[in-house]
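Below is one structure; the comments refer to it alone.
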Amino acid sequence: MANDRVLAVVEDLERTLVEFIRKHHVTHDEYRSATDVIVAEVLAGEASLLFDVFLEAAATDVGNDGRDGSIEAIEGPFYLPGAPWLDGPPYVLPQRPDEAGVPLVFGGQVSTETGVPLAGVELDLWHADAAGHYSQIHPGIPDWNLRGRFRADDQGRFEVRSIAPPPYEIPKDGPTGTVLNALGRHFFRPAHLHVKLRHPYFGERTSQLYFAGGEYLDSDVANAVRDELVIAAELVEDPERIARHGLDEPFVEARYDFAFAPSAAVPGA
Ligand code: MBD
Ligand code: FE
């Protein structure tokens, strides 16, 4: 027997699209080019990219509505489960010996929504390299480059070193790029770090952080920037602070404090 939620939602989707076709007098040729676009997206491995660019932020906002603690952000199409556990502290995301980009130190603290430090949360980070490419998605990058997991300490504090990612450009020549081009839109997302938090009792949250002052914050092609997720990024040039991180060049320091509220679905929460 059909599940009530599936019936309600899928039947309404069908109704909505049927009305849409009538309202716009969508012809059969136009209908077929639309299904061809979806088929091309699937064949190119870009189906999730297409939907994530156009629709994921709306579904994420629905989840954030009424949520306690830090808001969630879109996951995007490039998350991979099973990233390596890092040795540390200090934690450094896997990178090539000559990894391009300005070094980044990202730190903060995880607390409950009432401000009590939360020990032992797992952080799972992934982001683009200096060319705007993700490992295992774009070719020619070592597996798990700029992807890794580690735990916050017993006070919920965490710190990880990586490189500062640039804005991300959606591939122009793929089917998603073709759709954006047809709409006259640009292809960029502002520079961002993706991070998931996991706790055995509190569950899992997906976040994403953007850097204040960066390009495309006001025109993200995925329309996913939310003010709470934009963090200050300070260029540190002080030799002592550089040396303290084992670096030999100026680095970007950014921090974000997570407020982690239990999932409503957790019994007794
Ligand atoms: C990304 O890195 C991303 O986060 C999203 C939402 C879409 C395309 C690339
Ligand atoms: Fe991304």
Side-chain angles (χ1 to χ4, degrees), residues 37-38 40-42 44-64 70-81 83 93-95 99-101 104 106 123-141 143-149 160 162-183 185-197 204-212 214-231 233 252 254 256:
V37 167
I38 304 286
E41 297 282 349
V42 173
E46 280 196 6
S48 174
L49 176 67
L50 178 77
F51 289 110
D52 294 355
V53 163
F54 283 92
L55 302 174
E56 190 179 10
T60 304
D61 287 341
V62 168
N64 284 333
S70 302
I71 60 169
E72 287 198 293
I74 64 173
E75 178 183 64
F78 302 150
Y79 172 67
L80 295 172
L93 287 190
Q95 51 193 271
E99 191 71 43
L104 169 75
F106 172 59
L123 289 99
D124 187 346
L125 270 91
W126 73 106
H127 68 81
D129 69 10
H133 296 154
Y134 285 80
S135 57
Q136 280 118 304
I137 305 295
H138 301 85
I141 306 173
D143 281 3
W144 304 110
N145 205 59
L146 305 180
R147 298 176 183 269
R149 290 190 279 170
V160 60
S162 189
I163 58 102
Y168 176 81
E169 188 179 21
I170 308 278
K172 284 200 191 73
D173 44 5
T176 303
T178 305
V179 174
L180 292 171
N181 205 32
L183 294 170
R185 296 194 191 166
H186 74 65
F187 302 83
F188 285 95
R189 302 210 60 226
H192 57 275
L193 297 176
H194 294 276
V195 55
K196 286 179 186 277
L197 266 57
E204 178 176 297
R205 296 288 180 281
T206 301
S207 190
Q208 184 175 163
L209 301 163
Y210 308 92
F211 304 103
E215 262 186 293
Y216 308 110
L217 288 169
D218 295 325
S219 64
D220 176 11
V221 66
N223 197 19
V225 178
R226 302 292 176 268
D227 289 348
E228 292 170 66
L229 302 173
V230 180
I231 58 177
V252 172
Y256 185 75

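Everything numeric here is computed off the predicted structure, so don't read it as measured data. Counting starts at 1 for both ligands and their atoms, in listed order.
- For the pair Arg185 (side chain) and Leu180 (backbone), a donor-acceptor distance under 3.5 Å is absent.
- Residues Phe187 and Asn181 form a side-chain contact, since some pair of their non-hydrogen atoms from C-beta on lies under 4.5 Å apart.
- Within 4.0 Å of ligand 1, contacts by protein heavy atoms are made from Leu49, Ile74, Gly76, Pro77, Phe78, Tyr134, Tyr168, Ile170, Arg189, His192, His194.
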Please determine whether side chain to side chain contact (heavy atoms under 4.5 Å, CB included) holds for the pair Ile163 and Leu104, giving the CA-CA distance in whole Å, both sets of side-chain angles, and the decisive distance to 0.1 Å. CA-CA 5 Å; Ile163 58 102; Leu104 169 75; 5.6 Å; no

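- A ring-centre distance under 6.0 Å is not found for His194 and Phe78.
- Applying the side chain to side chain donor-acceptor pair (under 3.5 Å) test between Gln208 and each of His127, Arg189, Glu72 identifies Arg189 as the sole match.
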Full working for side-chain hydrogen bond (donor to acceptor under 3.5 Å, both in side chains) between Arg205 and Ser70: CA-CA 9 Å; Arg205 296 288 180 281; Ser70 302; over 6 Å; no

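- Residue pairs meeting the side chain to side chain donor-acceptor pair (under 3.5 Å) criterion with at least one member in residues 53-63, sequence neighbours excluded, are Asp61-Arg226.
- A 6.0 Å sphere centred on CD of Gln136 holds more than 12 heavy atoms belonging to other residues, nucleotides or ligands.
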Can you list, pair by pair, the side-chain donor-acceptor contacts under 3.5 Å of residues 164-175, counting residues two or more places apart and other chains?
unit_1 : atom_1 : unit_2 : atom_2 : d
Glu169 : OE2    : Lys172 : NZ     : 2.6

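- Of all protein N/O/S atoms, those under 2.8 Å from the Fe ion (ligand 2) are Tyr134 OH, His192 NE2, His194 NE2, and waters are not counted.
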